[in-house]
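Quick notes on the structure that follows.
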Amino acid sequence: MNYIIGIDAGTTNVKAVLFDTMGRELSVKNLENEPIYIGDVEVEQNMNLLWDKVAVCIKSLMEDGPAKKEEILGIGVTAQGEGIWLIDEAGEPVQNAILWCDGRATKEVDYVTQQNKELEKMIHRITGTPPLTGTQLMLLLWMKREKKEVLDRAAHMLFCKDWVKYKLTGILSGDFSDTGTSLMDSRNGVIATELFQSLGLEKYIDYIPKVYKSDEIIGGVTKKMAEFLGLKEGTPVVSGAIDVVASAVGIGVHNENEACVVLGTTCANEMFVPKEACHFGESGTRYEKYAVDDLFMNLMATMNGTPNIDWVIQEIAMTNDFSKIETLISDVPVGSGGVIYHPYISAAGERSPFYNPYAKANFFGISAKTGRAELTHAVYEGVTLSIKDCFVQAKLNRNSKIYLAGGGAKSAIWAQMISDALGVQVIISAGNELGAKGAAIMLGIAVGEYKNYVDASRKCCNAVKIYLPDPEKTKKYDALYEMYREIREANHSIWYQREKFLKTFSKIQ
């Protein structure tokens with residue numbers, strides 16, 4: 001029997017998953033992957049520690065079986081995207097990785113977006129992604145200004161999954177989804193030399209490794225690593241993709257005009273369009289190259305999704321039992337008794353469907369009658385309305401179907417809430433580890449196990465639950481959304497005032 005290993009190195013967890021060739025999860029090994037929070041806006045990760053945890057997961061997977069090393073067709077890799085992962089000529093990290101959710105490059109983004117509008121338009125038009133604090137291009141600019149000596153000690157610039165692939169194979173590589181976010185001309189698939197020159201970063205172009213398609217083999221597992229992990233030397237490793245792309249592949253998306261939401265650390269809202277329909281540089285768009293043919297995803301990724309739920313569970317719900325939480329909020333009506341929550345809990349503010357590095361979460365409408373149930377329900381609704389906020393801007397058709405993935409997709413109450421709020425059918429696909437599954441599918445295509453993504457989807461991806469919207473609740477959510485949006489638009493200037501206050505009176509926390 002043949003098997004495929006899928007690796008998903010996320011922001012808060014790393015996983016190694018064993019799949020059969022029908023896409024069934026046979027074994028999952030995972031470890032917590034703790035980000036390092038420094039102050040109010042900086043978020044890092046120890047690169048060697050992350051790899052050690054990935055290695056432990058793979059080794060444990062092979063030790064427990066049932067797969068023998070000769071039966072492993074290969075390894076697919078996905079991971080958190082963006083950020084900057086720097087290594088030297090010897091392949092060692094020169095510092096902790098700076099993550100996608102880090103906010104230290106605010107000055108660089110402000111320079112581009114407020115003082116150099118033509119450069120802002122150029123970046124958005126060429127890469128498909130507007131200037132954002134967590135993109136590698138903006139972090140590279142920050143490194144040059146603040147830590148040039150460290151940057152100059154580096155020799156290569158990777159993304160998280162590329163670091164994992166390098167440790168497995170000894171080969172430096174990138175893919176079009178990760179590298180294309182801010183370093184490539186998405187229109188023709190080449191490195192955006194013009195941007196590097198415009199930003200005075202041309203010296204660092206050579207830091208970018210060779211870029212491969214997501215379903216292209218980049219090399220095999222080295223002898224030393226194979227012996228350590230219990231794998232066969234030369235086991236193929238596929239280029240892979242950023243987690244939001246891999247998750248969509250794992251769900252089974254392969255057609256234009258489909259949509260999906262990944263309810264994870266970031267809440268990734270995705271619509272899929274052919275290249276000729278992309279409007280690169282248009283306000284409200286952020287295009288990532290998809291793994292399938294010439295499709296792109298219009299990615300509307302909020303800074304935080306499930307961390308809002310983690311926060312309300314820890315601070316308000318008073319229980320970690322999700323069944324009790326769902327019981328707590330099950331009878332709370334649409335609108336949470338007049339309480340509206342804005343889910344901007346990230347250290348780096350918000351990036352979709354608007355950009356404000358100082359955006360912060362807030363409750364609106366609390367009264368003396370407000371209790372834990374209403375507050376908890378309001379947080380679920382707040383994240384749901386942020387999803388709606390993104391898709392309203394993207395002009396989602398209510399005849400569309402939305403595939404739901406990520407840890408939050410396990411909640412029946414939340415899935416139904418999303419269906420009601422957006423007024424569309426919501427589909428839950430089989431499996432839990434859909435990012436790892438998508439990476440495994442890419443490997444399967446690369447080695448010929450599947451003819452193409454349509455064939456892989458037919459064999460591996462099945463719907464297990466469908467939610468239909470309640471028209472009456474949809475009307476209520478449409479009205480609630482208008483208030484939600486009006487409040488967040490009114491808060492923009494106040495968020496900047498808050499930041500100014502904190503900087504002026506730094507001793508006040």
Side-chain angles (χ1 to χ4, degrees), residues 1-34 45-80 91-93 160-171 173 217-241 243 246-247 250 264 407 410 430-447 449-450 459-460:
M1 188 171 180
N2 290 327
Y3 304 90
I4 301 172
I5 293 175
I7 295 171
D8 186 352
T11 309
T12 55
N13 285 278
V14 298
K15 304 166 188 174
V17 187
L18 185 69
F19 296 92
D20 65 16
T21 54
M22 299 302 290
R24 290 178 290 235
E25 298 169 16
L26 304 180
S27 179
V28 180
K29 304 297 180 182
N30 66 81
L31 288 170
E32 187 176 358
N33 191 27
E34 298 180 10
Q45 210 143 53
N46 183 304
M47 292 173 62
N48 284 323
L49 182 58
L50 177 138
W51 162 248
D52 288 344
K53 291 183 176 184
V54 170
V56 167
C57 289
I58 298 173
K59 189 176 177 67
S60 177
L61 204 66
M62 294 307 298
E63 287 175 346
D64 289 357
K68 300 180 177 64
K69 61 183 178 181
E70 296 81 10
E71 297 174 316
I72 302 296
L73 292 177
I75 301 173
V77 185
T78 186
Q80 56 181 294
E92 293 298 323
C160 182
K161 74 173 190 327
D162 305 328
W163 168 241
V164 172
K165 291 184 298 179
Y166 173 71
K167 296 298 287 185
L168 285 168
T169 67
I171 295 172
S173 65
I217 299 297
I218 60 103
V221 178
T222 63
K223 180 179 180 180
K224 180 180 179 180
M225 195 56 65
E227 289 174 351
F228 175 69
L229 297 174
L231 294 166
K232 181 181 177 181
E233 180 184 356
T235 298
V237 177
V238 79
S239 180
D243 53 5
S247 294
K410 299 174 185 177
N432 297 311
E433 307 301 336
L434 295 171
K437 183 176 181 178
I441 286 173
M442 292 170 193
L443 183 283
I445 290 172
V447 299
E449 182 65 28
Y450 314 119
K459 292 177 179 176
C460 301

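These numbers were taken from a predicted model, which means no experiment stands behind them.
Note that OG1 of Thr222 is 8.0 Å distant from CG of Leu168, once rounded to the nearest 0.5 Å. In this structure, CG on Asp162 lies 12.5 Å from CD1 on Ile171, to the nearest 0.5 angstrom. Once rounded to the nearest 0.5 Å, the distance linking CE of Met62 with NZ of Lys69 reads 8.5 Å. Leu49 contributes atom CG, which lies 4.5 Å from atom NZ of Lys53 (distance to the nearest 0.5 angstrom). The distance from the CG atom of Asn13 to the SG atom of Cys57 is 9.0 Å, given to the nearest 0.5 Å. Here Glu63 contributes atom CD and Lys29 contributes atom NZ; the two are 9.0 Å apart, rounded to the nearest 0.5 Å.
A side-chain donor-acceptor contact under 3.5 Å links Asn33 to the backbone of Gly10. Counting only distance, with no hydrogens or angles, the side chain of Trp163 and the backbone of Met47 share a donor-acceptor pair below 3.5 Å. Using a distance-only test at 3.5 Å, with no hydrogens or angles considered, a donor-acceptor pair links the side chain of Gln45 to the main chain of Thr11. Side-chain atoms of Lys165 come within 3.5 Å of backbone N or O of Ser239 as a donor-acceptor pair. Side-chain atoms of Thr78 never come within 3.5 Å of backbone atoms of Ala436 as a donor-acceptor pair (strictly under, hydrogens ignored). Side-chain N or O atoms of Lys437 include one that pairs as donor or acceptor with a backbone N or O of Cys460 at under 3.5 Å.
In plain terms, the two heavy atoms of Leu231 and Thr235 that are nearest each other are CB-OG1, 4.2 Å. The minimum heavy-atom distance between Val14 and Ala9, with the atom names listed, is CG1-CA, 3.9 Å. Looking at every heavy atom in both residues, Ala241 comes nearest to Met442 through CB-CE, 3.6 Å. When all heavy atoms of Ala16 and Ile58 are compared, the closest pair comes out as CB-N, 3.9 Å. Minimum interatomic distance between Glu25 and Asn432 (heavy atoms only, all atoms of both residues): OE2-N, 2.6 Å. Between Ala67 and Ile72, the shortest heavy-atom distance links the atoms CB-CD1, 3.7 Å.
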Item to complete: Determine, stepwise, if the pair Val164 / Leu50 fulfils side chain to side chain contact (heavy atoms under 4.5 Å, CB included).
Response: CA-CA 9 Å; Val164 172; Leu50 177 138; 4.0 Å; yes
Practice prompt. Carefully, step by step, assess Ile75 and Leu443 under the rule side chain to side chain contact (heavy atoms under 4.5 Å, CB included).
Written response: CA-CA 6 Å; Ile75 301 173; Leu443 183 283; 5.8 Å; no
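Between Asn46 and Glu34 the shortest side-chain heavy-atom distance does not fall below 4.5 Å.
Identified under the salt bridge (charged side-chain N to carboxylate O under 4.0 Å, His left out) test for residues 13-23, with sequence neighbours left out: Lys15-Glu433, Asp20-Arg24.
Counted within 6.0 Å of NZ on Lys59, heavy atoms from surrounding residues, nucleotides or ligands total more than 12; the atom is thus considered enclosed.
If you run side-chain contact (heavy atoms from CB on, under 4.5 Å) between Tyr3 and each of Leu18, Leu73, Thr21, only Leu18 comes through.
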